[in-house]
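Here the structure is laid out as structure tokens; the discussion comes afterwards.
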Amino acid sequence: MSATVVLGVTGGIAAYKIPALVRLLVADGLDVSVVMTRAGTQFVTPLTLATLSCNPVHVDMWSERPGPQVEHISLADRADLAVIAPATANIIGKLAAGLADDLLTTVCLALKCPVVICPSMNVNMYRNRVVQRNIKTLKEMGCHVMEPESGWLACGWTGEGRMPEPEVIAAEIMRHLSAPDLEGERILVTAGPTEEPLDAVRFLTNRSSGKMGVAVAARAARRGAQVTLIAGPMSVEPPAGVRNIPVRTALEMYQRVMEVFDDSDVVIKTAAVSDFRPANPATGKIKKEEAPGKISLVRNPDILHILGTKKRAQQILVGFAAETENPLENGRKKLIAKNLDMLVLNDVTQPGAGFRQDTNVVHFLLRSGEEESLDLMTKDRVADLILDRVKEIRLRRGRKQDSAPSEADHQVRP
Ligand code: C5P
């Protein structure tokens, strides 16, 4: 059964972002019940939110039809998570004081589930001592308060008080609803293509979109891991809730990966790193008339291979490979040659698999010898299954006790 979210919408201008938030939550399979204050209905209509949530929107205490259920109690009982977004200074004050003078505040008093509050208001209201005291009270009571962002505010001021974007709130909601089974893991994910300059405006690249890596990063963050994403120029946005390090070339990716590697427990290398780069890129734009007859290429470092030689006993290394010939045989060789714990083989010959798709067909090859062929499924689902395997490898290996790399760890087995 899907989780139920009670979404409280109060009267702030940021309510204009709530239809987008409802859409994201419904697309993620959540059952969303919206409760609005009267002021909230001035900014976005109940009809809009009822249509997008596919549920009735609740506004008035006294319009409930007489029946055996007490609506505000049954709403509170059903909720797995409650979110107040936007949360005005008024609702924050009422919740901190324990008032119940409308449907939303009454529902809130009856909640037994975790509550996420998204303050949104003018910067001076937000900094007001009484508002800060009320926010502190809510935190002490166990509410999760999402810090507002800083920037341009609808009132004309610039400063903190902006409600986070719907994607950021949705990621936080999904994090609260997911089992934090990867908590304590620091996961480095690489994603996307790289661009290898030929001159000031031209480059060599490939058709990788970054979707697979983004799915892995988003699911890992949702499951409580601390995620760093090092990505070449992707055609999709990096997910909310991860540390994002954009890079362009394979050499840049190599440098940034090496900086983060020592502080990573797991590395998942979905990036389609260019194997070669033009040997002598021109600093300006090469003119038509000066077109080189040949482009000499030099090899880029094989980042994954280098990580395999530096891996500490407790670090888990996952590689990807897109093979078109003898995929299983070549995959097995690669698993050993790169000293990986797991290799995800993309079957790019299958429809619905590989670059730019939202779905993938993959085989898992594990160092332990286990192999698994999966059917066509979404990249999100593939990401979760990869993370499940990572968790199993960690459990088999016992808890993390990071030590300096030993001689044996340095060996790349033939
Ligand atoms: O050997 P092959 O390129 O098929 O291996 C693919 C895997 O190696 C991917 O996980 C990719 O991110 C990684 N790789 C790398 N550095 C390269 C080339 C590939 O880390 N220069």
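One-based numbering, in listed order, for ligands and for the atoms of each. What you are looking at is a predicted structure, and each value in this text was computed from that prediction instead of being measured.
The distance criterion of under 3.5 Å between nitrogen or oxygen atoms is not met by A272 with respect to ligand 1. Geometrically, ligand 1 and K269 share a nitrogen or oxygen pair separated by less than 3.5 Å. Here's the thing with E323: none of its N/O atoms is less than 3.5 angstrom from an N/O atom of ligand 1. Here's the thing with L304: one of its N/O atoms is less than 3.5 angstrom from an N/O atom of ligand 1.
At a threshold of 4.5 Å between non-hydrogen side-chain atoms, the residues L49 and P19 count as touching. For the pair K311/N339, a side-chain contact is recorded, criterion being any heavy-atom separation below 4.5 Å from C-beta on. Proximity of L365 to L345: side-chain heavy atoms (C-beta onward) are separated by under 4.5 Å at one or more points.
The side-chain contact (heavy atoms from CB on, under 4.5 Å) test with I84 singles out one residue from T37, V35, L104, V116, and that residue is L104. The only member of D384, D28, D380 that meets side chain to side chain donor-acceptor pair (under 3.5 Å) when paired with R222 is D28.
Of the protein's non-hydrogen atoms, the one nearest atom 4 (O) of ligand 1 is K334 NZ, 2.4 Å. Protein heavy atom in closest approach to atom 16 (N) of ligand 1: I303 N, 3.0 Å. In terms of protein heavy-atom proximity, atom 8 (O) of ligand 1 is nearest to K338 NZ, 3.2 Å. With hydrogens left out, the protein atom closest to atom 3 (O) of ligand 1 is D275 OD1, 4.0 Å, a heavy atom. Of the protein's non-hydrogen atoms, the one nearest atom 17 (C) of ligand 1 is V273 CB, 3.5 Å. If you check which protein heavy atom lies closest to atom 6 (C) of ligand 1, you get F320 O, 2.8 Å.
The distance from ligand 1 to the heavy atoms of G319 drops below 4.0 Å at these ligand atoms: 10 (O).
Using a cut-off of 4.0 Å between Lys/Arg side-chain N and Asp/Glu carboxylate O, E160 and R127 are scored as salt-bridged. Comment: K338 engages D302 in a salt bridge, judged by a side-chain N to carboxylate O separation of less than 4.0 angstrom. Ion pairing between a basic and an acidic side chain is recognised when a charged N comes within 4.0 Å of a carboxylate O; R389 and E371 show no such pairing.
Not a single heavy atom of H305 sits under 4.0 Å from any atom of ligand 1. Assignment of P301 to the shell around ligand 1 is supported, since a heavy atom sits closer than 4.0 Å. Assignment of A271 to the shell around ligand 1 is supported, since a heavy atom sits closer than 4.0 Å.
Separating the CD1 atom in I230 from the NZ atom in K269 is a distance of 8.5 Å, to the nearest 0.5 Å.
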